[in-house]
Each structure stands twice: as C-alpha cells, then as structure tokens.
Amino acid sequence: MSDLPMDDRLREIAEDTRGFMPPDEGLALYAAGLAAGELGDLLEIGTYCGKSTVYLGAAARARGRRVVTVDHHHGSEEHQPGWEYHEPDLVDPETGRIDTLPTFRRTMHRAGLEDVVVALVGSSGATAALWGRPVALVFIDGGHTDRAAAQDYEGWTPHLAPGGLLVIHDVFPDPRDGGQAPYRIYRRALDSGDFTESAADGRGSLRVLRRVR
C-alpha cells in the first residue's frame with residue numbers, strides 16, 4: 001500500500017511487545033494504517049498490551065493522525081485461567097482478574113506514542129454506541145467468539161468512512177488453523193457488497209478490505 005518504511009525503533013518495540021501478531025502481519029497492518037491515514041484517524045478494537053497499537057501508532061504519526069484503541073483490558077476468553085493464551089503475570093493480585101492496562105501504558109511510554117494514541121477503556125459495544133464521527137480504518141482484533149466478533153463488526157463498521165479500510169485479524173478459512181468467528185465476519189463483509197479485497201494487502205491471517213459504499 002505504501003513504500004514509506006516503518007521507523008526502525010518503533011518496529012523493534014512492536015516486535016518485542018507481548019502479543020500474538022507476527023512481524024509480517026504487523027507490517028501489513030502498518031501499511032494499511034498509512035493508506036487509511038491519508039483519509040483520517042484510525043481505530044483499533046482489542047488493545048491487549050499494545051503490540052498492534054505500535055504498528056498503527058507509527059502509521060498515524062507518519063500521517064499526522066491519531067489512533068483510538070478500545071479494550072476493557074480484562075482479556076478475551078482465551079486469556080482467562082485454564083485457556084491456551086493465559087499469562088498469569090497479567091492477573092491483578094487484588095481483583096484476581098486479567099488487567100493489561102498497566103502493561104499497555106508502559107508500551108506506549110516506551111514507544112513515545114502517548115501523544116498519538118488515545119486509549120478508551122470499556123467494552124467495544126458500549127463504546128461504539130457512544131461514538132459519533134467517521135474513522136478511516138477499523139481494525140477488529142477483539143474477542144473471538146461469534147458474539148464478540150459480530151458485536152465489533154456491527155458496532156464499528158457503520159462509523160467507517162467511504163474508502164476507509166476494514167482490517168480483520170485471525171481470519172482462518174480452515175477450522176483446523178483457528179477459530180472461525182473472525183472468518184465469518186470477514187465473509188459477512190465481502191458478501192454484503194460494501195467491501196472489496198485486494199489479497200496483496202493482507203498477510204497471513206490479516207485481511208484488509210476497502211469500503212466501497
């Protein structure tokens with residue numbers, strides 16, 4: 001989408017930050033952020049510890065834009081005790097719940113992106129209901145149940161400007177490779193006729209769609 005390379009320092013920080021996005025997918029997200037940043041600000045659903053936020057923040061800074069990132073910071077279902085991606089050191093000893101907000105704040109401080117990134121702490125659905133302006137990119141990487149993914153799609157795509165980009169992570173057409181909820185909203189977007197896809201813009205499980213109507 002763009003030949004403007006990512007700042008080396010921010011790229012190193014992004015790759016070093018805990019999270020679940022491989023570097024090639026992160027750079028594809030950065031490229032999508034650059035392209036969308038020509039139109040307006042960027043929005044992310046699913047902050048976790050800020051790994052993908054650094055990629056989007058680097059793109060936003062290059063375009064003179066901002067990133068809004070939405071998360072309740074208590075982790076998705078797969079982050080809870082007994083699940084595959086549970087990380088015990090992220091549990092708040094007082095509440096007994098996952099709390100990724102302190103780690104995210106440290107990531108933004110380390111990256112020097114606190115003037116570019118605006119964090120909204122709350123559920124995706126509640127935040128979308130209060131939102132009132134168009135954005136140029138919606139990146140969906142929140143909860144991976146059908147209910148959560150559908151809520152993200154239904155809540156935020158109405159705020160996506162014409163020509164803006166819908167980016168979805170963890171899209172696995174084959175159920176043997178991963179959960180199907182992100183794939184189902186990806187198909188829903190394409191089947192609606194509101195979006196088109198250039199396969200060259202995505203990487204791995206990351207899909208990039210452009211709003212055409």
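Fair warning: this is a prediction, and the values are worked out from it, not measured in the lab.
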> Should we say atom CG of Asp8 is surrounded by more than 12 heavy atoms from elsewhere, each under 6.0 Å from it?
Replying inline: no
>> Looking at Glu154, is its backbone amide N or carbonyl O close enough to the side chain of Thr157 to form a donor-acceptor pair, meaning the two atoms are under 3.5 Å apart?
In response: no
> Step by step, would you call Asp16 with Ile13 a side chain to side chain contact (heavy atoms under 4.5 Å, CB included)?
Replying inline: CA-CA 5 Å; Asp16 187 55; Ile13 291 171; 5.7 Å; no
> Where the side chain of His169 meets the backbone of Val167, is there a donor-acceptor pair that is under 3.5 Å apart?
Replying inline: no
> How many angstroms lie between NE2 in His144 and CG in Asp170, if you round to the nearest 0.5 Å?
Replying inline: 3.5 Å
>> When you compare the side chain of Glu197 with that of Val208, does any pair of heavy atoms fall below 4.5 Å?
In response: no
> Are any non-hydrogen side-chain atoms of Leu42 and Arg66 less than 4.5 angstrom apart?
Replying inline: no
> From Ile98 CD1 over to Thr103 OG1, what is the distance, rounded to the nearest 0.5 angstrom?
Replying inline: 10.0 Å
>> Who clusters with Ile45? Use side-chain heavy atoms, under 4.5 angstrom, across I, L, V, M, F, W and Y, and order the result by chain and number.
In response: Leu43, Val68, Val70, Val118, Leu120, Trp131, Val135, Val138, Ile140, Tyr153, Trp156, Leu160, Leu166, Ile168, Val171, Tyr183, Ile185, Tyr186, Leu190, Phe195, Leu209
>> The test is side chain to side chain contact (heavy atoms under 4.5 Å, CB included); show your working for Thr107 and Arg110 and say whether it passes.
In response: CA-CA 5 Å; Thr107 301; Arg110 181 182 174 202; 5.8 Å; no
> When you measure from the side chain of Arg210 to the backbone N and O of Gly163, does any donor-acceptor pair fall under 3.5 Å?
Replying inline: yes
>> With salt bridge (Lys or Arg N to Asp or Glu O under 4.0 Å) as the criterion, how do Asp24 and Arg203 come out once you've worked through the C-alpha distance, each side chain's angles and the decisive distance to 0.1 Å?
In response: CA-CA 7 Å; Asp24 61 333; Arg203 289 289 186 280; 5.6 Å; no
> Does a side-chain N-to-carboxylate-O contact under 4.0 Å join Arg61 and Asp115?
Replying inline: yes
> Distance-only, no hydrogens or angles: does the His159 side chain make a donor-acceptor pair with backbone N or O of Gly132 under 3.5 Å?
Replying inline: no
> So, do Arg18 and Asp89 sit near enough that their side-chain heavy atoms are less than 4.5 Å apart?
Replying inline: yes
>> Salt bridge or not between Arg9 and Asp7? Use side-chain N to carboxylate O under 4.0 Å.
In response: no
>> Give me the atom names and distance for the closest heavy-atom approach of Leu10 to Ala111.
In response: CD2-O, 3.3 Å
> Which atoms form the tightest heavy-atom contact between Gly33 and Ala59, and what is the distance?
Replying inline: C-CB, 3.6 Å
>> Quick check: do Phe139 and Leu56 have side-chain heavy atoms less than 4.5 Å from each other?
In response: yes
>> If we ignore hydrogens and angles and just use 3.5 Å, is the side chain of Thr47 paired with the main-chain N or O of Gly50 as donor and acceptor?
In response: no
>> Among residues at least two apart in sequence or on other chains, which ones pass side-chain contact (heavy atoms from CB on, under 4.5 Å) with Glu114?
In response: Met108, His109
>> Nearest 0.5 Å, please: how far is NE2 in His73 from SG in Cys49?
In response: 9.0 Å
> Stepwise, does the side chain to side chain contact (heavy atoms under 4.5 Å, CB included) test hold for Val54 with Leu113?
Replying inline: CA-CA 8 Å; Val54 176; Leu113 290 172; 4.3 Å; yes
>> Please enumerate all residues that pass side-chain hydrogen bond (donor to acceptor under 3.5 Å, both in side chains) together with Asp41, with sequence neighbours excluded.
In response: Arg133
> How far does CE of Met21 sit from OH of Tyr55, to the nearest 0.5 angstrom?
Replying inline: 8.0 Å
> Would Leu27 and Met6 satisfy side chain to side chain contact (heavy atoms under 4.5 Å, CB included), going step by step from the backbone distance to the final call?
Replying inline: CA-CA 8 Å; Leu27 291 177; Met6 185 173 177; 4.0 Å; yes
> Atom NE2 in His72, atom OG1 in Thr100: separation rounded to 0.5 Å?
Replying inline: 9.0 Å
> Just wondering, do Thr69 and Phe104 contact through their side chains at under 4.5 Å, heavy atoms?
Replying inline: yes
> Can you tell me how far the OG1 atom of Thr145 sits from the CZ atom of Arg147, to the nearest 0.5 Å?
Replying inline: 7.5 Å
> Would you call Lys51 and Glu25 a salt bridge, using N to O less than 4.0 angstrom?
Replying inline: no
> Can you name the closest pair of heavy atoms from Gly40 and Ala136 and give their distance?
Replying inline: N-CB, 3.5 Å
>> Checking Asp99 against His74: is there a side-chain donor and acceptor pair closer than 3.5 Å?
In response: no
> Take atom CZ in Arg11; do more than 12 heavy atoms of anything else shown fall under 6.0 Å from it?
Replying inline: no
> Thinking salt bridges, do Asp194 and Arg188 make one under a 4.0 Å N-O criterion?
Replying inline: no
> Considering only heavy atoms from C-beta outward, does the side chain of Arg63 approach that of Leu34 to under 4.5 Å?
Replying inline: yes
> Is a salt bridge present between Asp92 and Arg97, judged by a nitrogen-to-oxygen distance below 4.0 Å?
Replying inline: no
